[in-house]
Amino acid sequence: MVTAIYPGTFDPITLGHLDIIERASKIFDRLIVSVVMNVEKTPMLEINERVELIKKVVSANPKVEVDCSLELLADYAKQFENPVIIKGLRNSYDYEYETVMAAFNKKLNSQLETFFISASAKYIYLSSSAVRQLAMYGADLSEYVPKQVADALDQKLRNRR
Ligand code: COA
């Protein structure tokens, strides 16, 4: 069995990520959505908060599991049966960045292939940082994230004030 790993910061998970998850889960038997560390980012939500939110919004899909890791992705993947990495591509910037990341991960773990799924047209502009900014201005997030995520961001920002 192939195990697909969809890694990301997911700060927070968006409808764009969920679109990739739904489509990947139709292709692969097992899909692990994994919250992993991007050393260049200082997330707003704690890692356990991001994991719990993802669990809530993927709970209806039996093929999807949620996990987290502080390891290099190339090492983390080794624990799974026939692992492959899934990444979404929104535009040419993602393509350039992700093809380099895929090559780097393959250098670190020669067995590890990366599969790209094109983002659906309606989500090509979407990013977690845009969602965080909108949340800070109290904007309506219903077109960008599930309600549980919008509520969690709202609560987080209220607690900060
Ligand atoms: N819909 C909506 N948003 C999307 C998206 C989609 N389909 N695809 C990507 N994005 C957004 C993400 O939310 C993120 O937004 P942000 O920058 O505003 O937070 C942005 O596009 C970039 O996404 P991505 O390239 O997947 O970055 P990431 O930070 O989410 O994930 C890791 C990068 C965590 C997978 C990568 O750093 C990693 O593998 N870390 C582990 C350590 C490691 O192995 N490092 C590599 C050593 S060479």
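Read the numbers this way: they start at 1 and go in the same order the structure lists the ligands and their atoms.
- Using a 3.5 Å distance cut-off with no hydrogens or angles, the side chains of Gln155 and Asn159 do pair a donor with an acceptor.
- The closest protein non-hydrogen atom to atom 6 (C) of ligand 1 is Gly16 C, 3.8 Å.
- With hydrogens and angles disregarded, no donor-acceptor distance shorter than 3.5 Å links the side chain of Thr9 to the backbone of Asp11.
- No continuous path of hydrophobic side-chain contacts links Leu70 to Leu73 [ILVMFWY only; heavy atoms under 4.5 Å].
- Looking at Phe10 next to ligand 1, no N or O pair under 3.5 Å apart turns up.
- In terms of polar-atom proximity, Met37 is counted as a contact of ligand 1, with an N or O under 3.5 Å from an N or O of the ligand.
- Remark: the backbone N or O of Ser118 is paired with a side-chain donor or acceptor of Arg23 at under 3.5 angstrom.
- Ligand 1 lies within reach of Tyr97, whose nearest heavy atom is under 4.0 Å from it.
- Inclusion of Ser128 in the set of residues having an N or O under 3.5 Å from an N or O of ligand 1 is warranted.
- In this structure, Glu40 falls outside the shell of residues with a heavy atom less than 4.0 angstrom from ligand 1.
- A donor atom on one side chain and an acceptor atom on the other are found under 3.5 Å apart for Ser25 and Asn61.
- To the nearest 0.5 Å, the span separating CD on Gln133 from OG on Ser128 amounts to 12.0 Å.
- In summary, the atoms of ligand 1 found under 4.0 Å from a heavy atom of Phe104, numbered by their order in the structure, are 48 (S).
- Ion pairing between a basic and an acidic side chain is recognised when a charged N comes within 4.0 Å of a carboxylate O; Glu65 and Lys55 show no such pairing.
- For atom 27 (O) of ligand 1, the nearest protein heavy atom (residue, atom name, distance) is Lys41 NZ, 3.8 Å.
- Taking the six-membered ring for Trp and the full ring otherwise, Tyr144 and Tyr123 have centroids separated by 6.0 Å or more.
- Judged by distance alone, with hydrogens and angles left aside, the side-chain atoms of Glu96 form no donor-acceptor pair with the main-chain N or O of Tyr93 at under 3.5 Å.
- For atom 33 (C) of ligand 1, the nearest non-hydrogen atom of the protein is Asn38 ND2, 3.9 Å.
- Which parts of ligand 1 touch Leu73 is read off a 4.0 Å heavy-atom cut-off, strictly below it: atoms 39 (O), 43 (C), 44 (O).
- Against a heavy-atom cut-off of under 4.0 Å, Ser127 is close to the following atoms of ligand 1: 3 (N), 15 (O), 18 (O).
- Considering only non-hydrogen protein atoms, atom 28 (P) of ligand 1 sits nearest to Thr9 OG1, 3.3 Å.
- The shortest heavy-atom distance from Leu126 to ligand 1 is under 4.0 Å.
- Partner of Pro7 under the side-chain contact (heavy atoms from CB on, under 4.5 Å) criterion, out of Lys87, Met101, Met37: Lys87 alone.
- Ser120 contributes atom OG, which lies 3.5 Å from atom CG of Asp19 (distance to the nearest 0.5 angstrom).
- In terms of protein heavy atoms, atom 18 (O) of ligand 1 is closest to Ser129 OG, 2.4 Å.
- Residues Val131 and Leu157 fall within the same hydrophobic cluster, defined by Ile, Leu, Val, Met, Phe, Trp and Tyr side chains chained together at heavy-atom separations under 4.5 Å.
- The N/O atoms of Lys87, backbone and side chain alike, include one that comes under 3.5 Å of an N/O atom in ligand 1.
- Proximity to Ile20 (heavy-atom distance under 4.0 Å) selects the following atoms of ligand 1: 7 (N).
- At least one donor-acceptor pair closer than 3.5 Å links the side chain of Gln79 to the backbone N or O of Tyr76.
- Note: no N/O pair closer than 3.5 Å links Tyr123 and ligand 1 by distance alone.
- At the top of the distance list for atom 36 (C) of ligand 1, counting protein heavy atoms only, stands Met101 CE, 4.0 Å.
- Remark: ligand 1 and Asn105 share no N or O pair separated by less than 3.5 Å (distance only, no angle test).
- Distance from atom 20 (C) of ligand 1 to its nearest protein heavy atom, with residue and atom name: Arg90 NH2, 3.7 Å.
- For atom 43 (C) of ligand 1, the closest non-hydrogen atom of the protein is Leu72 CD2, 3.6 Å.
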